[in-house]
There are 2 protein chains.
Amino acid sequence: MTKASASQDISPAQCPRPFVTVDLVIFTLREGQLQVLLMQRAVPPFEGMWALPGGYVRPDEDESLDGAAARILGSKTAVATPYIEQLQGFGNARRDPRGWTATFAYFALIASEQLALQSGANAEDVAWHPVETRPVLAFDHDLILRTGLERLRGKVEYTILPAHLLPAKFTLPDLQSVYEQILDRRLDKSAFRKKMADAGLLEPVPGEMRHASNRPSQLYRIRSDATPFLGRTI
Amino acid sequence: MTKASASQDISPAQCPRPFVTVDLVIFTLREGQLQVLLMQRAVPPFEGMWALPGGYVRPDEDESLDGAAARILGSKTAVATPYIEQLQGFGNARRDPRGWTATFAYFALIASEQLALQSGANAEDVAWHPVETRPVLAFDHDLILRTGLERLRGKVEYTILPAHLLPAKFTLPDLQSVYEQILDRRLDKSAFRKKMADAGLLEPVPGEMRHASNRPSQLYRIRSDATPFLGRTI
DNA sequence: ATACTTAGTTGTTATAGTCAACTAAGTATG
DNA sequence: CATACTTAGTTGACTATAACAACTAAGTAT
């Protein structure tokens, strides 16, 4: 272990090239529960076990990491413009029995109205699972999933990211319920509404209300000019 | 571009293996300025330009990503237990003229008393640069550095991470000054001291004061049981 | 018509941040 | 040696924000 070999200026020929993948933690809200998209593996290792959707990055096609993540997301779900961000990298010799691998994990939120799974050869092997009752996962995917959950909970505290988990039109009680679901605690109604109003990222849909067997509630949508700011601190 | 080739179950033989490196954004505080550790490149590409310290990960030695980051940090600086965390991954075809590469960027904070550079063959090519007056960097390292700066500023808002930039014993005015330096704005003295006291992560060093030509100030240190919590929200 | 349920508002209290002044404890200076 | 000066550290008033609780509003169900 010489210092020279640690340098970035090692000759490319000497450099070992590991496998590099992108794995996705895709959350949605179904049946009032936070759910995650999983795939059942058809081949070893971990054949038959559930795993996060993922795939190899394609250096040969000039694909960026973000591009690979978007491609994989699009190949599993029918989603137009979801929220996606890089989560964290994982790389060591033990995460895959075949040897050293590295993955860039991504974190995505899907609106519940858009969670139709992409039809295809393997569509039947893709399914939503409630996070609470998820199966044991292949590789180190449980660690990655828990990292994604922490990120989600952390960001919910000070952003309006959870709006991405709802359909395009939603009520403020809907949104508050999502927050409470993710944080696992009750929130104060007036403080919540004030915070949302102050953030200025939502707007009421004029004249549109949701009717149930009680007082109707105003429908809101994300302001069209606000999409880039949903992940910002509010 | 078939769907099968996007799957994680592609045969390993078909999978292109990119170069994977780890790059470090190492901050310290010298002469009252936030500074970053840079290396001058001795070989093309970008020969003679400054770059972030980095190196290849070593799959053949069972090295994890965190292990590689720690190794590179240790090879450039003489630091015992600094703060280090993964920053973000960067990967595309344009960041290195030699072709597609991916890097896992790490973010480290070094106490100013420990910033002696590791002596060695290339020690003269390693230097601290004030962030404000840094040179143009090779590759996409300016983007990585700016990402690190954002992370630092973001975390300073709600953690006591900056304590890692100071020697083991420091005064509260010292620490407040570091916050002000990083955030580029003045903070209220009483609110700052109350916040630090409430966090409960610092303790006064009994009987030890710093003496200058004015009222002496109490020296504090990080509580030995608090190190894992310095990055936590306070 | 009345009860019921959830939407949405209002007001009150507790808490935390902001601003500004004050006291404290040393060194520097005549 | 007395006084001025400088920065450390505290205190209190004021203000913005969050937490708690009650209230009104507007529909459906019986």
Side-chain angles (χ1 to χ4, degrees), chain A residues 29 32 153-160 162-163 166-167 169-221 232-234, chain B residues 29 32 153-160 162-163 166-167 169-221 232-234:
Chain A
L29 203 74
R153 296 206 168 105
K155 287 223 162 185
V156 162
E157 295 279 3
Y158 54 91
T159 70
I160 66 167
L166 290 173
K169 298 176 186 177
F170 51 88
T171 68
L172 287 182
D174 284 345
L175 188 57
Q176 182 174 347
S177 167
V178 176
Y179 275 79
E180 293 175 342
Q181 185 79 29
I182 295 171
L183 294 174
D184 197 28
R185 69 163 197 266
R186 303 302 307 275
L187 298 177
D188 179 68
K189 188 163 47 166
S190 72
F192 180 82
R193 298 175 78 95
K194 183 179 190 315
K195 202 168 173 180
M196 290 302 130
D198 289 352
L201 301 176
L202 305 178
E203 64 183 4
V205 187
E208 290 200 44
M209 313 284 284
R210 169 174 306 160
H211 291 266
S213 69
N214 49 21
R215 174 171 175 174
S217 54
Q218 176 67 52
L219 285 167
Y220 286 79
R221 65 184 166 215
R232 293 270 188 92
T233 301
I234 58 175
Chain B
L29 204 74
R153 295 206 168 105
K155 288 221 162 185
V156 163
E157 294 279 3
Y158 54 92
T159 70
I160 65 166
L166 291 173
K169 298 176 186 177
F170 51 86
T171 68
L172 288 182
D174 284 345
L175 188 57
Q176 182 174 346
S177 167
V178 176
Y179 275 80
E180 293 176 342
Q181 185 80 29
I182 295 171
L183 295 174
D184 197 27
R185 68 163 197 266
R186 303 304 306 276
L187 299 177
D188 179 69
K189 187 163 48 166
S190 72
F192 180 80
R193 298 175 77 94
K194 182 178 190 315
K195 203 169 173 179
M196 290 302 130
D198 289 351
L201 302 176
L202 304 179
E203 64 184 4
V205 187
E208 290 201 45
M209 313 285 283
R210 169 173 307 159
H211 291 267
S213 70
N214 49 21
R215 175 172 176 172
S217 55
Q218 176 67 54
L219 285 167
Y220 286 79
R221 64 184 167 216
R232 293 270 189 88
T233 300
I234 58 175

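Below, chain A is the first sequence line, B the second, and so on; all start at residue 1. Treat the numbers as computed from the prediction; the structure is a model and nothing was measured.
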**Q** Please tell me which of the listed nucleotides, D:dT7, C:dG8, D:dT10, lies nearest to the side chain of B:N214?
**A**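 Selected nucleotide: D:dT7.
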**Q** Calculate, to the nearest 0.5 Å, the distance between atoms CD and OG1 belonging to A:Q218 and A:T171 respectively.
**A** 9.5 Å
**Q** Note every stem involving DNA chain D: at least three consecutive Watson-Crick or G-U wobble pairs, i with j then i+1 with j-1, with both distances under 3.5 Å.
**A**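 Paired runs of 3+ in DNA chain D: C:1-30 with D:1-30.
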**Q** Does a distance-only test, which skips hydrogens and angles, find a donor-acceptor pair under 3.5 Å between the side chain of A:R215 and the base of D:dA26?
**A** no
**Q** What is the separation between atom OH on B:Y220 and atom P on D:dA8, rounded to the nearest whole Å?
**A** 12 Å
**Q** How long is the gap from OH on A:Y220 to CG on A:D174, to the nearest 0.5 Å?
**A**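 Here the rounded value is 12.0 Å.
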**Q** When you look at B:K189 and B:L187, which way does the side chain to side chain contact (heavy atoms under 4.5 Å, CB included) test go after all the steps?
**A** CA-CA 6 Å; B:K189 187 163 48 166; B:L187 299 177; over 6 Å; no
**Q** Counting heavy atoms not belonging to A:D198, are there more than 12 under 6.0 Å from its CG?
**A**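 For A:D198, atom CG is crowded (more than 12 foreign heavy atoms under 6.0 Å).
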**Q** Over how many whole Å does the gap from A:F192 atom CZ to C:dA7 atom P extend?
**A** 12 Å
**Q** I need the CZ-P distance between B:R193 and C:dA24, as an integer number of Å.
**A**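 One finds 15 Å between P of C:dA24 and CZ of B:R193, rounded.
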**Q** Report the distance from atom CD of A:Q218 to atom P of D:dG27, rounded to the nearest whole Å.
**A**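 Between P of D:dG27 and CD of A:Q218: 12 Å.
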**Q** Rounded to the Å, how far apart are A:E180 CD and C:dT6 P?
**A** 14 Å
**Q** Send over the distance from B:F170 CZ to D:dA8 P, rounded to a whole Å.
**A** 15 Å
**Q** Within this structure, what is the CE-to-P distance between B:M209 and D:dT7, rounded to whole angstrom?
**A** 16 Å
**Q** Does any part of the side chain of B:Y179, heavy atoms only, come nearer than 4.5 Å to the side chain of B:I160, both counted from C-beta?
**A** yes
**Q** I'd like to know if the side chain of B:R186 and the backbone of B:E180 have a donor-acceptor N/O pair within less than 3.5 Å.
**A** no
**Q** Please list, pair by pair, any protein nitrogen or oxygen found under 3.5 Å from a nitrogen or oxygen in nucleotides 13-23 of chain D.
**A**
residue: D:dC20; atom: N4; partner: A:S190; partner atom: OG; Å: 3.2

**Q** Rounded to the nearest Å, what distance is computed from the CZ atom of residue B:R210 to the P atom of nucleotide C:dT27?
**A**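 After rounding, the gap between these two atoms is 15 Å.
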**Q** Given side chains that start at C-beta, do those of B:P173 and B:R193 come closer than 4.5 Å, heavy atoms only?
**A** yes
**Q** Could you measure the distance from the NZ atom of A:K169 to the CZ atom of A:R210? Nearest 0.5 Å is fine.
**A**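 These two atoms lie 11.0 Å from each other.
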**Q** Does a side-chain N-to-carboxylate-O contact under 4.0 Å join A:E157 and A:K195?
**A** no
